Amino acid sequence: MKSVAIYNGSPRKKGNTVFAMQYVFEKLNAQPNIEVNIYNIIDFNIDVCYGCRKCMELKHCTNQTDEFEKLFNTVKASDITVWGVPVYWFSPPGITKNFIDRTHAYFACEPMLKNKYAFILNIASDSGFRNSETVMKSWLEWYGADVRESIDIIATEANDIKLNKSKIKQLDEFIFQILKDN
Ligand SMILES: Cc1cc2nc3c(=O)[nH]c(=O)nc-3n(C[C@H](O)[C@H](O)[C@H](O)COP(=O)(O)O)c2cc1C
């Protein structure tokens, strides 16, 4: 049994990313031998990284009062992670970047995502795909994950993916890639 965790990195609750990630969730959930969970990063109370670097000695974050560990534990517990990330100013949105920054807590540890596969879905109106993907990919790879696939979907208004057959086809191909080796 493989475990898959899907992350919606958009703050927009009824936008393209949440639609796409829910679509991926439903397709994977219909498969035998896969346990799938979905998380909206916006639903977690995650503080910023203050850059104190105490984690370099402590090997964990001094801030244990928010829900960063709760969300990162789901990443660590999964064989496969799938990241839906809209592009905000050529980068992942602040909520997603805050989460990424907080994983600095484990910078001085053995890479925690070794032997795990990751998949990235980048969503944007027209520009910044590669910059945002570089943030996601370099972060996942830093912690040892094997990024198997990263795809781009162009979308702006809330239902741009939902109402477009060729974009749904892109999602189906993305799901095929997730299932291929698993
Ligand atoms: C604050 C903000 C910044 C954005 N920056 C970019 C950008 O740099 N490049 C781009 O092509 N689209 C940009 N967009 C458009 C979003 O990527 C696009 O609307 C996407 O569909 C949003 O995903 P969502 O529907 O899941 O919220 C931006 C949107 C917002 C709200």
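Quick caveat: nothing in here was measured; it's all calculated off a predicted structure. Counting starts at 1 for both ligands and their atoms, following the listed order. We number each residue from 1, following the sequence as shown.
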Using a 3.5 Å cut-off on N/O to N/O, what pairs does ligand 1 make with the protein? A line per pair would be great.
from, atom 1, to, atom 2, distance (Å)
ligand 1, 5 (N), V87, O, 3.4
ligand 1, 5 (N), W89, N, 2.8
ligand 1, 8 (O), W89, N, 3.2
ligand 1, 8 (O), F90, N, 3.0
ligand 1, 9 (N), S127, O, 2.8
ligand 1, 9 (N), S127, OG, 3.4
ligand 1, 11 (O), S125, N, 3.1
ligand 1, 11 (O), D126, N, 2.7
ligand 1, 11 (O), D126, OD1, 3.2
ligand 1, 11 (O), S127, N, 2.8
ligand 1, 11 (O), S127, O, 3.0
ligand 1, 12 (N), S125, N, 3.3
ligand 1, 14 (N), V87, O, 3.3
ligand 1, 17 (O), V87, O, 2.8
ligand 1, 19 (O), T156, O, 3.2
ligand 1, 21 (O), N16, ND2, 3.2
ligand 1, 21 (O), A155, O, 2.9
ligand 1, 25 (O), R12, NE, 3.1
ligand 1, 25 (O), R12, NH2, 2.7
ligand 1, 25 (O), N16, N, 2.8
ligand 1, 25 (O), N16, ND2, 3.1
ligand 1, 26 (O), S10, OG, 3.3
ligand 1, 26 (O), N16, N, 3.4
ligand 1, 26 (O), T17, N, 2.9
ligand 1, 26 (O), T17, OG1, 2.5
ligand 1, 27 (O), S10, OG, 3.0
ligand 1, 27 (O), R12, NE, 3.1

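- Salt bridge present: R148 and D146 bring a charged side-chain N and a carboxylate O closer than 4.0 Å.
- Note: Y106 and Y143 fail the aromatic proximity criterion, with ring centroids not under 6.0 Å apart.
- Between E141 and K137, at least one side-chain nitrogen of the basic residue sits less than 4.0 Å from a carboxylate oxygen of the acidic one, meeting the salt-bridge criterion.
- Using modelled atom types, one finds no donor on one side chain facing an acceptor on the other under 3.5 Å when comparing N45 with D66.
- Placement of Y7 and L121 in two distinct hydrophobic clusters is found when ILVMFWY residues are connected by side-chain heavy-atom separations under 4.5 Å, directly or transitively.
- Note on I151: it clusters hydrophobically with L28, by side-chain heavy-atom contacts below 4.5 Å among ILVMFWY residues.
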